[in-house]
Amino acid sequence: VLSWNMMISAYAQRGFVNEARRTFDAMGMEKRNLLSWTAMLHGYVRNRRVEDAKCMFDQMPVRNIVSWTEMLQGCSQTGHLAQAERVFQSMPQWNVVSWTAMLKAYALNGHVEAAEDLFYRMPERNTVSWTAMLQVYAQSGRPAEAMTLFGVMPEPDILSWTVMVTTYANCGHGEVAVELFQRLVLEGLKPSRVSLLSVMVACTRLGLVQQCWYYFTCMKDDHGVAPHEEHYSCLVDLLERVGQVDQNKV
RNA sequence: CAAAGAGAU
């Protein structure tokens, strides 16, 4: 049963929902447990097959908080905020994961008020939920509010820092993004692929050609992150920018 | 063995 469940998850993760379903069907009713059902449900949700997900959910012999959160995710991901709220309200229990999933749904729709309300009512918060709330502000174009929250959150991790770097890289205050990036390195956190891209973007927009190159060239040795396609694209932007400047001079 | 948070063009 264990290995069957793992197969379902593996297929689902790679987008092979139909393969996952075949495995699920091959198990037969007797061998399926709650985890098999949830893994299959997750497969449909991940691949945006909300109707199939609903069908799975309704057919499940037993549902738990994980299956409910999965359905919530399915609705929110496909832009059905009202449905997501209905699922959320119908859940028999909540935990920090389901609350955070609901926060994310609000973030996607820019419902700052509802998100704040939920966030302050949550009986429990962790780094993930704090970061989801940062993202609510970020996506609503409220960097200052994100910064205030960031300043008081207990244990920001690399994703929390990255939200901040990215937010400032995109709102016309690249200098703040660069500063934040430098601070996260000083804090001893390991920059991620995304945070490195964001700081490069910030430099590009500030016209800091040298510094952008610097981040690009040292990312592997200093941070253990091999440059990816997106980092090269950013360099292309940077070079285009330099080219334009040169043309303007001529 | 299953569920929640970050990415410019």
Side-chain angles (χ1 to χ4, degrees), chain A residues 1-10 12-13 20 23-24 27 31-46 53 56-57 60 62-74 76-77 84 87-88 91 94-108 115 119 122 124-136 138-139 146 150 153 156-171 174 177 180 184 191-205 212 228-238 240-241:
Chain A
V1 181
L2 244 152
S3 35
W4 262 308
N5 289 349
M6 287 175 72
M7 275 182 70
I8 298 174
S9 300
Q13 212 167 31
T23 310
F24 178 81
M27 285 178 83
K31 295 214 164 197
R32 285 176 202 152
N33 62 14
L34 178 58
L35 271 70
S36 333
W37 282 91
T38 316
M40 194 58 235
L41 177 59
H42 181 67
Y44 285 130
V45 170
R46 263 189 69 100
M56 284 303 289
F57 185 78
M60 290 177 76
V62 183
R63 290 174 271 275
N64 68 1
I65 192 162
V66 178
S67 8
W68 281 93
T69 306
E70 202 67 76
M71 278 313 293
L72 164 54
Q73 177 82 352
S76 103
Q77 220 170 44
V87 171
F88 182 73
M91 295 178 65
W94 299 269
N95 63 12
V96 69
V97 176
S98 48
W99 287 312
T100 307
M102 195 61 230
L103 271 189
K104 161 81 167 174
Y106 287 132
L108 285 174
F119 184 71
M122 289 167 57
E124 188 194 341
R125 293 172 204 96
N126 60 17
T127 300
V128 177
S129 28
W130 281 89
T131 307
M133 192 61 216
L134 290 182
Q135 184 67 358
V136 170
Q139 289 202 356
F150 182 69
M153 77 175 280
D157 67 5
I158 183 60
L159 268 72
S160 330
W161 282 91
T162 307
V163 170
M164 298 311 299
V165 174
T166 304
T167 302
Y168 278 96
N170 294 336
C171 76
L180 282 160
L184 84 85
S192 60
R193 184 171 155 178
V194 178
S195 55
L196 277 157
L197 174 64
S198 293
V199 76
M200 283 178 65
V201 168
C203 291
T204 299
R205 295 188 176 169
C212 187
H228 284 72
E229 176 268 328
E230 62 267 26
H231 302 104
Y232 289 101
S233 310
C234 184
L235 276 190
V236 172
D237 291 346
L238 183 73
E240 273 175 1
R241 205 192 149 90

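To find a chain, count down the sequence lines: A is the first, B the second, and so on, and within it residues start at 1.
- Of all heavy-atom pairs between A:A146 and A:L134, the closest is O-CD2, 3.3 Å.
- Paired with A:S233 under the rule side chain to side chain donor-acceptor pair (under 3.5 Å), one option of A:E229, A:H231, A:E230 passes, and it is A:E229.
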Contact state string [nucleotides 2-9 of chain B, B base, S sugar-phosphate only, - no protein heavy atom under 4.0 Å]: BBBBBBB-
Side chain to side chain contact (heavy atoms under 4.5 Å, CB included) evaluation trace for A:L103 with A:M122: CA-CA 10 Å; A:L103 271 189; A:M122 289 167 57; 4.2 Å; yes
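- Here the closest heavy-atom approach between residue A:V165 and residue A:S195 is recorded as CG1-O, 4.3 Å.
- Protein atom CG of A:L2 is 7 Å distant from nucleotide atom P of B:rC1, rounded to whole Å.
- With sequence neighbours excluded, no residue satisfies side-chain contact (heavy atoms from CB on, under 4.5 Å) with A:A12.
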